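Heavy-atom basis, side chains included; hydrogens, waters and symmetry copies ignored. Since this is a predicted model, take the numbers as computed values, not measurements.
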Amino acid sequence: MISQLSWKVGGQQGEGIESTGEIFSTAMNRMGYYLYGYRHFSSRIKGGHTNNKIRVSTKPLRAISDVLDMLVAFDQETIDLNAYELRDGGIIIADAKFNPVLPEGLKQVRLLTVPLTQIAEELGTSLMKNMVSIGASSAILGIDVESYRNIVEDMFLRKGEKVVEKNMEAIARGAEFVTNLVGGQLPDFQLDKAEETDGQTRLFMIGNDAIALGSVAAGVRFMPAYPITPASEVMEYLTKKLPKFGGAVIQTEDEISAITMAIGAAYGGARTLTASSGPGLSLMMEAIGLAGITETPVVIIDTQRGGPSTGMPTKQEQSDFMAMIYGTHGEIPKVVMAPSTVEECFYDTVEAYNIAEEYQVPVILMTDIALSLGKQTTEPLDYSKVEIRRGKLLAGQQLPELPADQLFKRYEVTEDGVSPRSIPGQKFGLHHVTGVEHDQTGRPSESPVNRNQQVEKRLRKLNDLPAKFPNAVLVDAPNQEADVLIVGVNSTGGTIHEAKQRLEQEGLKVNHAQIRLLHPFPAEQMKSLVDKARKVVVIENNATNQISGLMKMNIGNAEKIETVNKYDGNPFLPNDIYTGVKGLIKHGDVQRVSQ
């Protein structure tokens with residue numbers, strides 16, 4: 001019996017790799033297991049190698065595994081590219097159609113040649129080979145093929161009962177063939193039974209869907225956006241959901257149109273967002289500056305990918321931090337947030353809208369591909385935690401009467417830097433709106449005194465945010481003194497947690513800090529953690545040390561800070577971090593702290 005399993009299916013893009021993984025993982029989720037999935041896919045519509053790696057466990061997890069237990073291969077390229085991940089005793093289920101062979105040196109791996117395509121064709125179409133492969137995998141794992149019936153019905157019942165039964169037969173035929181081939185279920189592939197879930201099915205979702213759902217819960221009713229990998233799922237989700245709440249999604253001609261339409265809608269009092277990735281965000285920068293000087297609340301989603309330019313649109317990277325914080329010209333207040341889990345994507349999205357309106361600033365919510373497109377098990381969301389805070393928005397209120405020659409002080413200089421906000425058409429709320437510097441009523445002004453007042457007013461808005469932000473730095477079981485502090489952002493959180501556990505098993509005292517508010521930077525919280533550590537190691541999915549650069553700029557301690565970098569387009573594995581941190585720790589230094 002085993003407590004966790006790592007399973008991967010691979011082939012050419014367009015062969016049904018994603019649906020194969022979806023069926024397998026949905027079944028395991030409904031059985032009560034915890035899952036974490038990551039898709040590797042090519043930057044084209046069809047063709048090119050793709051795979052879906054899914055980790056199944058009886059305990060919560062937030063990272064893909066270092067090794068692989070089972071590989072389902074629809075072509076030889078899948079074996080050549082992925083078989084090296086298999087542990088000794090691992091299994092490859094390969095389609096007989098391509099006459100599979102093992103690469104040299106993999107003598108401890110078992111190759112099972114199964115006529116996946118042939119069985120599917122006998123049932124009517126080669127497209128059902130993914131179902132045959134599900135059955136073949138289930139035979140190894142000892143999963144009853146009837147466990148898939150509800151899923152198959154959800155997928156195909158609209159096409160008729162006959163289609164459902166054909167797919168169920170494909171699963172059964174695959175299971176029957178492998179059972180006869182290996183002589184029954186293999187004990188070292190049998191998963192422990194999942195824990196009871198008290199009747200509640202856990203969610204299994206991607207970060208992009210959680211962001212979109214969080215937007216609906218927060219009261220968003222308008223999204224202008226231009227499709228771009230890996231942000232498009234936010235748009236696709238809201239295209240289906242917003243009309244049910246009286247809202248709308250508009251596909252714009254480009255990202256400049258998207259951000260300016262979002263600003264216009266926010267000026268009118270609506271909660272709105274747009275979503276993009278690095279190239280699109282570059283086009284939005286001037287307009288984000290407009291939102292800053294007009295003090296218009298707007299939320300922008302940045303799903304990071306491999307850059308620069310078109311770069312690697314479908315590959316993992318975390319290289320937008322500096323661009324999102326400092327990319328706009330001039331000096332404006334803005335907030336940059338970075339959730340670490342799918343659950344945080346939901347709650348942080350709600351908070352992003354609250355912060356945008358309370359402080360009247362643009363808020364950028366940053367994720368990365370592993371978080372935005374990777375699927376995670378999530379406990380049922382608690383909608384009672386959703387709170388709507390609109391700050392000094394005066395919509396619906398009776399404003400004090402003003403003389404005919406006076407305008408509403410939309411940009412009134414206040415102690416906290418946040419001014420009262422009226423919306424178009426509101427009686428006695430009339431004011432100017434312009435992208436040039438202006439006075440308290442919005443009229444253009446280049447007065448040096450006014451300029452100082454408005455700049456200082458805008459910039460002091462966020463002075464208290466790092467202290468008020470919920471878990472600006474999330475700390476994993478902190479030690480008062482630590483041999484090493486490991487720091488991460490976005491999807492690296494779960495991977496760091498696993499590496500931390502391995503390091504602690506070797507007697508090291510390890511702290512783990514996940515930065516969730518990048519700007520304004522939570523300097524006090526981070527400095528207290530850095531001061532407790534002998535060495536600080538920052539996990540960077542980029543080549544230029546952007547996270548550690550922010551730390552050095554805000555808290556110093558440059559002599560303590562080291563980095564472990566990865567920028568080949570792949571997410572960190574737990575062993576990457578474990579070995580990287582071990583390599584940076586000087587044995588003598590560690591001994592003095594640990595003893």
Could you go step by step and tell me if Q440 and Q454 meet the side chain to side chain contact (heavy atoms under 4.5 Å, CB included) rule?
CA-CA 8 Å; Q440 294 185 81; Q454 288 296 322; 3.9 Å; yes
Does the salt bridge (charged side-chain N to carboxylate O under 4.0 Å, His left out) test come out yes or no for E295 and K457, once each step is laid out?
CA-CA 11 Å; E295 304 183 42; K457 179 193 92 74; 2.7 Å; yes
Applying salt bridge (charged side-chain N to carboxylate O under 4.0 Å, His left out) to K566 and E540, what does each step give before you reach the verdict?
CA-CA 6 Å; K566 190 171 186 177; E540 305 255 17; over 6 Å; no
Test E317 against S319 for side chain to side chain donor-acceptor pair (under 3.5 Å), laying out the working first.
CA-CA 6 Å; E317 197 163 281; S319 55; 2.7 Å; yes
Give the C-alpha distance, both sets of side-chain angles, the deciding distance and a yes or no for salt bridge (charged side-chain N to carboxylate O under 4.0 Å, His left out) between E456 and R451.
CA-CA 8 Å; E456 291 164 6; R451 169 66 171 177; over 6 Å; no
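Taken to the nearest 0.5 Å, the CD atom of E153 stands 12.5 Å off from the CE atom of M155. Between M366 atom CE and L371 atom CG the span is 11.5 Å, to the nearest 0.5 Å. Annotation: the span from S447 atom OG to Q453 atom CD amounts to 7.5 Å, rounded to 0.5 Å. In this structure, Y237 OH and E233 CD are separated by 13.0 Å, a value rounded to the nearest 0.5 Å. Rounded to the nearest 0.5 Å, atoms OG1 (T441) and CG (L430) are 9.5 Å apart.
Residues F204 and S25 share a closest heavy-atom pair of CE2-OG, 3.2 Å. The two atoms that bring A258 and A225 nearest to each other are CB-CA, 3.8 Å, heavy atoms only. Listed here is the closest heavy atom pair of R460 and T414: NH2-O, 2.6 Å. Contact detail for A472 and P466: the closest heavy-atom pair is CB-O, 4.0 Å. Nearest heavy-atom pair, S419 versus R410, reported as atom, atom and distance to 0.1 Å: CB-O, 2.9 Å. Among all heavy-atom pairs drawn from A275 and A231, the shortest one is C-CB, 4.2 Å.
Two residues are said to be in side-chain contact when any heavy atoms from C-beta on lie closer than 4.5 Å; I300 and M284 meet this criterion. Contact annotation: the side chain of L462 never approaches that of H519 to less than 4.5 Å [non-hydrogen atoms, C-beta and beyond].
Partner T367 forms a side-chain contact (heavy atoms from CB on, under 4.5 Å) with one of I211, V234, V342 and no other, that one being I211. Checking L550, T544, L518 one by one against M322, the side-chain contact (heavy atoms from CB on, under 4.5 Å) holds for a single residue, L550. For the pairing with V335, the side-chain contact (heavy atoms from CB on, under 4.5 Å) check across I364, V299, L365, I355 returns one residue only, I355.
Taking the six-membered ring where the residue is Trp, H431 and Y411 present perpendicular rings, their angle passing 60° and hence far from 30°.
Outside the 6.0 Å centre-distance limit, the rings of Y326 and F321 are not counted as a close aromatic pair.
Judged purely by atom type and a 3.5 angstrom limit, N354 uses its side chain to pair as donor or acceptor with the backbone of E387.
For the pair K375 and Y36, the cation does not sit on the ring face, since its NZ or CZ is not both under 6.0 Å from the ring centre and inside 45° of the axis. Geometrically, R202 engages Y34 in a cation-pi contact, judged by NZ or CZ lying under 6.0 Å from the ring centre and within 45° of the ring axis. The side-chain tip of R39 points at the ring of F41 from less than 6.0 angstrom away and within 45° of straight on.
Ionic pairing of R421 and E358 is not present here: no N-O contact between side-chain nitrogen and carboxylate oxygen is shorter than 4.0 angstrom.
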